[in-house]
Number of protein chains: 2
Amino acid sequence: MNQAAVQRRLQQFETLCRQRGLPLTVQRRDIFQAVLQSDDHPSADQVYDVVKDRIAGLSRTTVYRVLDTLVQLGVVRRLHHPGAAVRFDGRVDRHHHLVCRLCDQVVDVTGRDLDRLKPPRQRGGFLVEDYTIQFVGVCAACREETEA
Amino acid sequence: MNQAAVQRRLQQFETLCRQRGLPLTVQRRDIFQAVLQSDDHPSADQVYDVVKDRIAGLSRTTVYRVLDTLVQLGVVRRLHHPGAAVRFDGRVDRHHHLVCRLCDQVVDVTGRDLDRLKPPRQRGGFLVEDYTIQFVGVCAACREETEA
DNA sequence: CTCCGTGCAAAAGGTTTGCACTGGT
DNA sequence: ACCAGTGCAAACCTTTTGCACGGAG
């Protein structure tokens with residue numbers, strides 16, 4: 001995400017915190033920023049690695065708790081993907097994922113045509129709010145390895 | 001899955017094992033059957049709970065290893081969903097999921113129209129083989145609770 | 001008979017919890 | 001000043017690994 005967009009999201013975040021009376025701590029700001037700035041989908045531990053250099057004495061526990069808060073606020077998404085650890089995504093707009101079934105790598109896909117899907121409003125009482133398409137296959141690197 | 005379908009899948013499984021020279025053990029048969037018979041998407045531990053009553057002295061380790069084998073054989077799918085533990089799905093045909101973002105419950109959706117999506121054959125060297133759509137929203141039970 | 005699969009125990013992550021202290025409002 | 005947020009350590013849960021034994025091919 002480019003620097004301008006990151007700044008904008010951070011501003012919105014501050015406003016949101018004030019609205020809800022949520023204390024705006026250094027940890028929350030920096031952790032959110034780290035998620036926004038990472039292009040891949042970092043695990044809690046990867047976020048910790050980045051932020052711990054900026055905040056002395058930062059605890060892993062805090063990273064987990066803050067990430068949870070961000071998810072609840074709706075400014076970050078929890079990602080469910082093949083690796084053991086849960087991943088996080090600063091993008092909350094509609095987008096999709098290519099998942100390599102061999103190396104578990106995940107890359108974003110934005111396809112205008114893919115976003116036009118008409119999700120059923122309801123299915124047996126279930127209220128559908130949004131959707132994500134997971135394309136499963138084999139990435140370029142793994143294809144080369146397999147062919148060799 | 002109905003009993004007839006379960007039997008059919010088990011037969012295919014036996015054949016597949018013989019073809020590949022994979023020893024067909026009681027554990028593999030029973031664990032596969034348990035996954036097929038469960039309508040939700042059980043975690044390894046839930047599978048263990050079901051099968052341990054049928055096989056005395058069954059080890060959790062074995063459940064994990066057998067599930068892994070089944071995934072590699074392609075007869076079971078690994079599910080990546082909000083709960084901490086990995087889930088498994090005996091269905092390997094194209095189908096989609098409704099995920100409740102409040103209680104993390106997952107239900108299957110089969111929509112003929114949803115299966116007609118033309119996935120891009122390739123995206124930057126990535127070979128797309130199949131896809132799954134995850135609809136995110138709120139389930140009926142959670143909607144009632146929220147409204148109350 | 002030969003291996004591969006299994007069971008057990010222990011280790012290795014990832015994530016959560018209890019409690020005292022600090023810092024934002 | 002008050003209360004929520006944080007740090008630390010320990011607990012907890014899921015998953016993996018090493019090794020010896022037993023059963024399938």
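Quick caveat: nothing in here was measured; it's all calculated off a predicted structure.
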Requested in this report: For dT6(C), take OP1 and OP2 only and decide whether either is under 4.0 Å from a side-chain N or O of Thr25(B).
Outcome: yes
Report summary line: Interatomic distance, CZ@Arg9(A) vs CE@Met1(A), rounded to 0.5 Å, equals 5.0 Å
Query - Which residues share a side-chain hydrogen bond (donor to acceptor under 3.5 Å, both in side chains) with His96(B), sequence neighbours left out - result: Asp115(B)
Query - Minimum-distance nucleotide (side-chain atoms of Ile55(A) versus dT15(C), dG7(D), dC4(C)) - result: dG7(D)
Requested in this report: Tell me which nucleotide among dA4(D), dG7(D), dG25(D) gets nearest to the side chain of Pro23(A).
Outcome: dA4(D)
Please set out all donor-acceptor pairs under 3.5 angstrom arising from side-chain atoms of residues 10-26 of chain B, sequence neighbours excluded.
unit_1	atom_1	unit_2	atom_2	d
Glu14(B)	OE2	Arg29(B)	NH1	2.3
Thr15(B)	OG1	Gln11(B)	O	3.0
Thr25(B)	OG1	Arg28(B)	N	3.2

**Report entry** Donor-acceptor pair under 3.5 Å, Arg18(A) side chain vs dG24(C) base
**Finding:** no
Under 3.5 Å, side-chain donor or acceptor atoms of residues 54-73 of chain A against the rest of the protein: list the pairs with distances, not counting sequence neighbours.
unit_1	atom_1	unit_2	atom_2	d
Ser59(A)	OG	Thr61(A)	N	3.0
Ser59(A)	OG	Thr61(A)	OG1	3.2
Arg60(A)	NE	Asp45(A)	OD1	2.8
Asp68(A)	OD1	Arg78(A)	NH2	2.5
Thr69(A)	OG1	Arg65(A)	O	2.9

Query raised in the report: What's the CD-P distance between Gln46(A) and dT15(C), to the nearest Å?
Result: 11 Å
Report task. Can you sort out which residues in residues 26-35 of chain A have a heavy atom within less than 4.0 Å of DNA chain D? Ascending by number, please. Result -> Gln27(A), Arg28(A)
Query raised in the report: What nucleotide, of dT15(D), dG5(D), dT6(C), holds the atom closest to the side chain of Val66(B)?
Result: dT6(C)
Requested in this report: For the helix from dC1(C)-dG25(D) to dT25(C)-dA1(D), figure out the bend between the end axes, five pairs an end, and round to 10 degrees.
Outcome: 40°
Query raised in the report: Are any non-hydrogen side-chain atoms of Tyr131(A) and Val136(B) less than 4.5 angstrom apart?
Result: no
Query raised in the report: Heavy atom of residues 57-64 of chain A under 4.0 Å from DNA chain C: which residues?
Result: Thr61(A), Tyr64(A)
Query - Positive for side chain to side chain contact (heavy atoms under 4.5 Å, CB included) with Asp89(B), one of Thr132(B), Val35(B), Val76(B), Asp108(B) - result: Asp108(B)
